[in-house]
Structures are given as C-alpha cells and as structure tokens.
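Have a look at the structure below before the remarks.
Bear in mind that the values here come from a model prediction, so they are computed numbers and not experimental data.
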Amino acid sequence: MTTISLPPAPPPDMGGSYRFVAPRTATTPKVVRDLVTTLVIAFGHEDIADQLRLCVSEVVTNAYRHTRAAHIAVDVSFGTDNVTVWVDDGPPGWLPRVPHPEPPWRDESGRGLYLVSRVADRLGVDADDEGVPRLGFSIGYEGA
C-alpha cells in the first residue's frame, strides 16, 4: 500500500478530471458509485468497472458514516494507465487511517477500507490545499 497524491490532469482524450459534490445522505454512496461506474465505462475501461464500483462504494460510505460534513466531494481523474479517485473525508486537520492488518472476523465494521486496500492498486490519505483530508485510491487499466 502506497500513499498517493493526485496526478496532474491527463490529456483531454483520456477523459480528464471530474468532480462530484453530493449531499451527505444515505443514498449518496449508490448515486456516486453509479456515476463513476458509468463514467469509466463511457471511456472504455469496462475491465475495471467492478473493482472501481466496489472501491467507490466503500470510500464514499466511509465518508458518509464517519464524517459530519454537509457534502461529500469526489474527484475522479483519468490518467494514461489508471483512474484515481479522491473523496473528501472530514474536517480540516484530521486524516483518516488507512487500514493495515485484516480486521478481526468478529468485528461488525472496519472491513470497507480493508477491502479497498486489497482491490485497489494504491490507497492513501492526503489533505488538499485547505487542509481538508481526502482518502484516495488508484486502479490501473488492464494492459496499461
């Protein structure tokens, strides 16, 4: 697992970067995962659609369950060999923890980010220019 930072904007023919801002509601994880999945399929990367769907769902659900922000912002960037997703994840000055060991099997929560760490190529935390923490992951395209 590697800490990552947002890559520079990709060339326009790669799909560029997209930002979704949604209210922090129980339906937001489904809405955002459907939007991001549709986007990745529209740009011809069906090969990673299922992985991306699972990871987006878990990271946005994490933001919904563990923050009190009124909105959840999601940034999606298409690079030449991967897609990177960042989700704003809390108040300034606080960084979410990236899971390291597998959670105990009896735990009722804590598996979402562990799943992302196993499915995504990279998972990490960062803060934007205003100190707002973000949780992000990258998934490479097949054959890239």
Side-chain angles (χ1 to χ4, degrees), residues 1-92 94-100 102-103 105 107-144:
M1 196 172 348
T2 308
T3 300
I4 56 177
S5 38
L6 273 176
D13 62 337
M14 293 304 297
S17 296
Y18 296 83
R19 182 172 182 84
F20 302 104
V21 179
R24 190 184 146 271
T25 66
T27 59
T28 296
K30 179 190 181 338
V31 170
V32 173
R33 79 173 171 244
D34 289 350
L35 284 169
V36 174
T37 301
T38 299
L39 189 62
V40 77
I41 290 171
F43 285 100
H45 300 294
E46 296 89 357
D47 54 307
I48 64 166
D50 290 337
Q51 291 170 277
L52 186 65
R53 184 175 182 81
L54 178 120
C55 292
V56 167
S57 183
E58 293 300 336
V59 174
V60 175
T61 297
N62 188 66
Y64 166 71
R65 292 187 67 204
H66 299 291
T67 69
R68 296 294 166 240
H71 294 90
I72 296 172
V74 179
D75 293 296
V76 182
S77 297
F78 288 89
T80 56
D81 60 356
N82 66 38
V83 61
T84 299
V85 177
W86 285 102
V87 177
D88 290 0
D89 205 350
W94 177 84
L95 286 177
R97 289 184 306 139
V98 174
H100 292 286
E102 182 175 0
W105 67 272
D107 284 2
E108 293 183 15
S109 65
R111 286 185 176 72
L113 295 183
Y114 176 75
L115 282 173
V116 175
S117 75
R118 304 304 294 168
V119 172
D121 296 321
R122 297 184 293 172
L123 173 65
V125 295
D126 194 6
D128 69 12
D129 295 337
E130 297 173 6
V132 175
R134 304 178 300 171
L135 184 61
F137 65 88
S138 290
I139 298 175
Y141 310 129
E142 283 188 18

The single option from [options] passing side-chain contact (heavy atoms from CB on, under 4.5 Å) against [X]:
X	options	result
Phe137	Thr84, Val56, Asp121	Val56
Arg53	Asp34, Val36, Val40	Asp34
Ile48	Val119, Val83, Ile41	Val83

From [X] atom [atom1] to [Y] atom [atom2], the distance as rounded to the nearest 0.5 Å:
X	Y	atom1	atom2	answer
Thr28	His71	OG1	NE2	9.0 Å
Leu52	Asp47	CG	CG	10.5 Å
Glu58	Arg33	CD	CZ	9.0 Å
Thr25	Lys30	OG1	NZ	12.0 Å
Ile72	Asp88	CD1	CG	9.5 Å
Arg24	Tyr64	CZ	OH	6.0 Å

Under a 4.5 Å cut-off applied to non-hydrogen side-chain atoms, are Val85 and Val59 in contact?
no
Less than 4.5 Å apart, side chain to side chain, heavy atoms only: is that true for Leu39 and Tyr18?
yes
Can you tell me how the ring of Phe78 sits relative to the ring of Phe43, calling it parallel under 30°, perpendicular over 60° and tilted otherwise?
tilted
Of all the heavy-atom pairs spanning [X] and [Y], show the shortest one and how long it is.
X	Y	result
Leu123	Leu113	CD2-O, 3.8 Å
Pro29	Ser57	CB-O, 4.3 Å
Ser17	Ser77	OG-OG, 3.1 Å

